[in-house]
Amino acid sequence: MKKLLVIAMACAALCAVLVGCGTNAAAPSASGSSQQPQASSPASRSTAATQQGIDYLALVNKLNPLPAGWEDALETVHFTNSVGDDVEVEKKAYDAYLALKAELESEGVHVDLDSARRSVAEQQRIMDDFTAKYGADYAKKTVATPGYSEHHTGLALDLYLIIDGKDVTENAEMEQYPEIWEKIHAKLAAHGFILRYLNGDEHITGYGYEPWHIRYIDDPAIADEIMGRGITFEEYKAGKTAPEVFYDYGNSSLYTRAELEEAAVQAKCEFAEFAGCELHSLRYAGDGFNTKENLDWLNSLDEGANYTQVVKLLSDYHSPVKGGGAWEPDKEYTDYEWWLARADGKGWQLVSFGY
């Protein structure tokens, strides 16, 4: 078993080899600012990029970086949201958001934009912030690697809620309103948006469920197809639906089902970087692995860690048909190990994985 950092570097190299194989207001709310949006265009823009514009169906994720020339072709607007933050959005996505916002407000649902386009430098600041507050693995699950963030496109919008005149911006607090998010999601496709990170599909998208993160793709018909089928953008782009994953969390006397599912999300987000591989099953290996010996081992891998609990998961998955890198072609890999640990009162950390 290798230390996570070493394995992560190997996986990054592997993903580079296999990348071809598959894969938080517009017109202000009642409490918002009255500042008008201001057009923003790059100081210099290549003729070719200007002529071609941007591809509204471009896939940017953990395996696919922002396309070359994107920032040269991107046209954006700036506005100030209800909490006084400057937000930059691609201009067509902004217009579509205005229409979505107006329709929602007609039904008593009030939203604003927490963020949209972010520069690579801003993305790095967010990554550093989350890492310091919540740990590297949580940050990796929730914040894209700079250069590989969908927010660089200007097409990814993070909403927040305004309830009884109060701005609800914290993720944990926004998660307490599933019925409101359901109403919002039902309106997305008609305005050319999709819900980007679906619950349960972390092994495909690489991120945990984010009801506030929407993506503009410009075409309502395609958005309706994606939302109607309940698939990820990755699946749409690949032209195939990923197989269902079998989960077995057993009967643990140490952890609740929810705690084990939280651990599984960490492993699934990492699996999304196994380019071209299909996850078939994920299961809890049992309470017997929560031993002093395993705790000592995992604590030795993370300097300064003080882990008190261990979870071991096992997975089966299929390699790409053509193989490549560390994978043998078209092979079912079984009992692949994922070791997670946590300290008292803290979240799960993915510490090591592999055979």
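Basis for what follows: all heavy atoms, side chains included, without hydrogens, waters or symmetry-related copies.
Checking side-chain atoms of His318 against main-chain N and O of Leu279 turns up no donor-acceptor pair under 3.5 Å. A donor-acceptor pair is defined here as one N or O able to donate and one able to accept, closer than 3.5 Å; such a pair exists between the side chain of Ser319 and the backbone of Glu328. The backbone N or O of Gly200 lies less than 3.5 Å from a partner atom in the side chain of Lys268, making a donor-acceptor pair. With Asp224 contributing its side chain and Ala189 its backbone, the two residues share no donor-acceptor pair below 3.5 Å. In this structure, Gln176 contributes its side chain and Ala172 its backbone to a donor-acceptor pair below 3.5 Å.
Using a 4.5 Å heavy-atom threshold, the side chains of Ile126 and Arg118 count as touching. Counting only heavy atoms from C-beta outward, the side chains of Pro146 and Tyr148 never approach each other to under 4.5 Å. Counting only heavy atoms from C-beta outward, the side chains of Arg117 and Val89 never approach each other to under 4.5 Å. Inter-residue side-chain proximity for Met174 and Thr169 is flagged as unmet; no heavy-atom pair is nearer than 4.5 Å. For the pair Leu59 and Phe233, the minimum side-chain heavy-atom distance is below 4.5 Å. Within the 4.5 Å cutoff, side-chain heavy atoms of Asp302 are placed close to those of Tyr307. For the pair Leu188/Leu195, a side-chain contact is recorded, criterion being any heavy-atom separation below 4.5 Å from C-beta on. Using a 4.5 Å heavy-atom cutoff, the side chains of Leu159 and Leu113 are in contact.
Ring geometry, His203 versus Phe271: the interplanar angle falls from 30° to 60°, so the pair is classed tilted. Between Tyr249 and Tyr247, the angle of the ring planes stays under 30°, which puts this pair in the parallel group of the 30/60° scheme. Ring-plane geometry between His213 and Tyr197 is classed as tilted, the angle between the planes lying from 30 to 60 degrees on a 0 to 90 degree scale. Ring geometry for Phe353 versus Phe274: interplanar angle of 30 to 60°, hence tilted.
Ile214 and Leu57 end up in the same hydrophobic cluster when Ile, Leu, Val, Met, Phe, Trp and Tyr side chains are linked at under 4.5 Å. Under the 4.5 Å side-chain heavy-atom criterion for Ile, Leu, Val, Met, Phe, Trp and Tyr, Phe246 and Leu313 are members of distinct hydrophobic clusters. In terms of hydrophobic clustering, with Ile, Leu, Val, Met, Phe, Trp and Tyr side chains grouped at heavy-atom distances under 4.5 Å, Tyr317 and Val321 are assigned to different clusters.
Using modelled atom types, one finds a donor on one side chain and an acceptor on the other under 3.5 Å when comparing Gln124 with Asp128. A donor-acceptor contact closer than 3.5 angstrom links the side chains of Glu332 and His280. Defined by atom type and a distance below 3.5 Å, a donor-acceptor pair is missing between the side-chain atoms of Trp181 and Glu179. A donor-acceptor contact closer than 3.5 angstrom links the side chains of His191 and Glu103. Counting only N and O atoms by type, the side chains of Asn290 and Asp287 include no donor and acceptor under 3.5 Å apart. In this structure, a donor-acceptor pair under 3.5 Å is absent between the side chains of Thr334 and Asp316.
With salt bridges taken as basic N to acidic carboxylate O contacts below 4.0 Å, none links Asp201 and Arg196. A salt bridge links Arg125 with Glu122; the closest basic N to acidic carboxylate O contact falls under 4.0 Å.
With sequence neighbours excluded, the residues satisfying side-chain contact (heavy atoms from CB on, under 4.5 Å) with Asp219 are Ala221, Ile222.
Annotation: cation-pi pair Lys331/Tyr333 present, NZ/CZ under 6.0 Å from the ring centroid and within 45° of its normal. A cation-pi arrangement is present between Lys62 and Tyr207 under the rule of less than 6.0 angstrom and at most 45 degrees off the ring axis. For the pair Lys92 and Tyr56, the cation sits on the ring face: its NZ or CZ lies under 6.0 Å from the ring centre, inside 45° of the axis.
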Handout entry: Criterion side chain to side chain contact (heavy atoms under 4.5 Å, CB included) on Trp297 and Lys292, from CA distance to verdict
Key = CA-CA 9 Å; Trp297 165 55; Lys292 182 181 183 305; over 6 Å; no

Step by step, would you call Leu282 with Leu314 a side chain to side chain contact (heavy atoms under 4.5 Å, CB included)? CA-CA 6 Å; Leu282 189 64; Leu314 298 170; over 6 Å; no

**Request:** Go through Leu260 and Ser252 one step at a time and tell me if the side chain to side chain contact (heavy atoms under 4.5 Å, CB included) criterion holds.
**Result:** CA-CA 9 Å; Leu260 292 174; Ser252 174; 4.2 Å; yes

_Between Glu235 and Ile204, does the side chain to side chain contact (heavy atoms under 4.5 Å, CB included) criterion hold? Intermediate values first, please._
CA-CA 8 Å; Glu235 290 169 296; Ile204 303 173; 3.8 Å; yes

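Checked options Leu155, Asp218, Thr153; the residue passing with Ile54 is Leu155 (criterion: side-chain contact (heavy atoms from CB on, under 4.5 Å)).
Heavy atoms from other residues, nucleotides or ligands lying under 6.0 Å from CD of Glu244 number 12 at most. Enclosure of atom CG in Asn251 is not indicated, since only 12 or fewer non-hydrogen atoms of other residues, nucleotides or ligands lie within 6.0 angstrom. More than 12 heavy atoms of other residues, nucleotides or ligands lie within 6.0 Å of NZ in Lys237, so this atom counts as buried by the packing criterion.
Aromatic ring centroids of Trp212 and Tyr177 lie 6.0 Å or more apart.
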